[in-house]
Amino acid sequence: MAILKILQYPDERLHRVAKKVAQVNETTRKLVRNMAETMYAAPGVGLAATQVDVHERIIVLDISETHDQLKVFINPEIIASSGVSDCEEGCLSVPGIYETVSRSGKVTVRALNEKGASFTLDAEGLLAVCIQHEMDHLIGKVFVEYLSQLKQTRIRAKLKKRLRETM
Ligand code: GNR
Ligand code: NI
């Protein structure tokens with residue numbers, strides 16, 4: 001297994017649109033294992049392939065404290081959503097920035113698992129928020145894009161400064 005490098009905002013590659021996985025195979029499963037290891041090491045509750053510079057529709061999530069509830073979503077689609085939830089979000093690609101984002105409160109997602117089998121999941125609470133956050137990554141969208149232009153400019157300046165200082 002391997003810990004992958006997580007792209008840091010503002011990196012252009014975070015805005016690429018991921019392609020559907022054509023076939024779930026051993027290569028996919030290896031990537032999923034490495035993404036999970038990277039997420040747990042970070043630590044984070046979710047990771048989209050986009051964040052590790054792989055532009056395929058793959059997400060891993062684990063909102064448990066025990067790190068034993070890994071969920072894998074390949075080619076995820078939200079097939080129903082309802083309600084509203086305002087949640088303070090963070091992102092491994094935008095370290096140290098926490099801002100409230102408004103999203104659907106409940107979502108039903110359909111995806112393939114790591115074996116290539118289709119499943120449907122009803123999610124609410126943090127899980128629903130995270131699914132939406134990760135699916136945004138797959139279309140090249142980072143949570144800060146929901147904030148005002150002023151806040152986005154400030155966040156970009158702060159992260160660029162921090163990048164300069166740590167290089
Ligand atoms: O670790 C993460 N925590 C989190 C908290 C609130 C809302 C969304 C998230 S996702 C984030 C990991 C990450 O950046 N996934 O893309
Ligand atoms: Ni994120």
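Just the heavy atoms: all of them, side chains too, but no hydrogens, waters or symmetry mates, feed the values below. Atoms within a ligand are numbered from 1 in the order they appear, just like the ligands themselves. Numbering starts at 1 and runs along the sequence shown.
- With a heavy-atom cut-off of 4.0 Å, E89 touches ligand 1 through backbone and side chain alike.
- In terms of protein heavy-atom proximity, atom 13 (C) of ligand 1 is nearest to G46 O, 3.4 Å.
- Annotation for ligand 1: atoms under 4.0 Å from non-hydrogen atoms of G90 are 4 (C), 5 (C), 6 (C), 8 (C), 9 (C), 10 (S), 11 (C).
- Judged by the 6.0 Å and 45° rule, K151 forms no cation-pi pair with Y146.
- Salt bridge R103/D136: present, at least one basic N to carboxylate O contact under 4.0 Å.
- Close contacts between ligand 1 and E134 involve ligand atoms 10 (S), 13 (C), 15 (N), 16 (O) [criterion: under 4.0 Å to a heavy atom].
- Close contacts between ligand 1 and C91 involve ligand atoms 14 (O) [criterion: under 4.0 Å to a heavy atom].
- Atom numbering of ligand 1 starts at 1 in the shown order; those under 4.0 Å from a heavy atom of E88 are 6 (C).
- Salt-bridge check for K161 with E165: passed, with a basic side-chain N closer than 4.0 Å to an acidic carboxylate O.
- Within a 6.0 Å sphere centred on NZ of K106, other residues, nucleotides and ligands contribute 12 heavy atoms or fewer.
- Two residues are said to be in side-chain contact when any heavy atoms from C-beta on lie closer than 4.5 Å; I59 and V72 fail this criterion.
- Using a cut-off of 4.0 Å between Lys/Arg side-chain N and Asp/Glu carboxylate O, R29 and E26 are scored as salt-bridged.
- Between the side chains of T100 and E88, no donor-acceptor pair is found at a separation under 3.5 Å.
- With a heavy-atom cut-off of 4.0 Å, H137 touches ligand 1 through its side chain alone.
- In terms of polar-atom proximity, L92 is counted as a contact of ligand 1, with an N or O under 3.5 Å from an N or O of the ligand.
- Protein heavy atom closest to atom 8 (C) of ligand 1, with residue, atom name and distance, is H133 ND1, 3.6 Å.
- If you number the atoms of ligand 1 from 1 as listed, the ones under 4.0 Å from a heavy atom of V45 come out as 1 (O), 2 (C), 3 (N), 4 (C).
- The G44 neighbourhood of ligand 1 comprises atoms 1 (O), with distances under 4.0 Å to a heavy atom of that residue.
- With hydrophobic clusters built from ILVMFWY side chains whose heavy atoms lie under 4.5 angstrom apart, L61 shares a cluster with M135.
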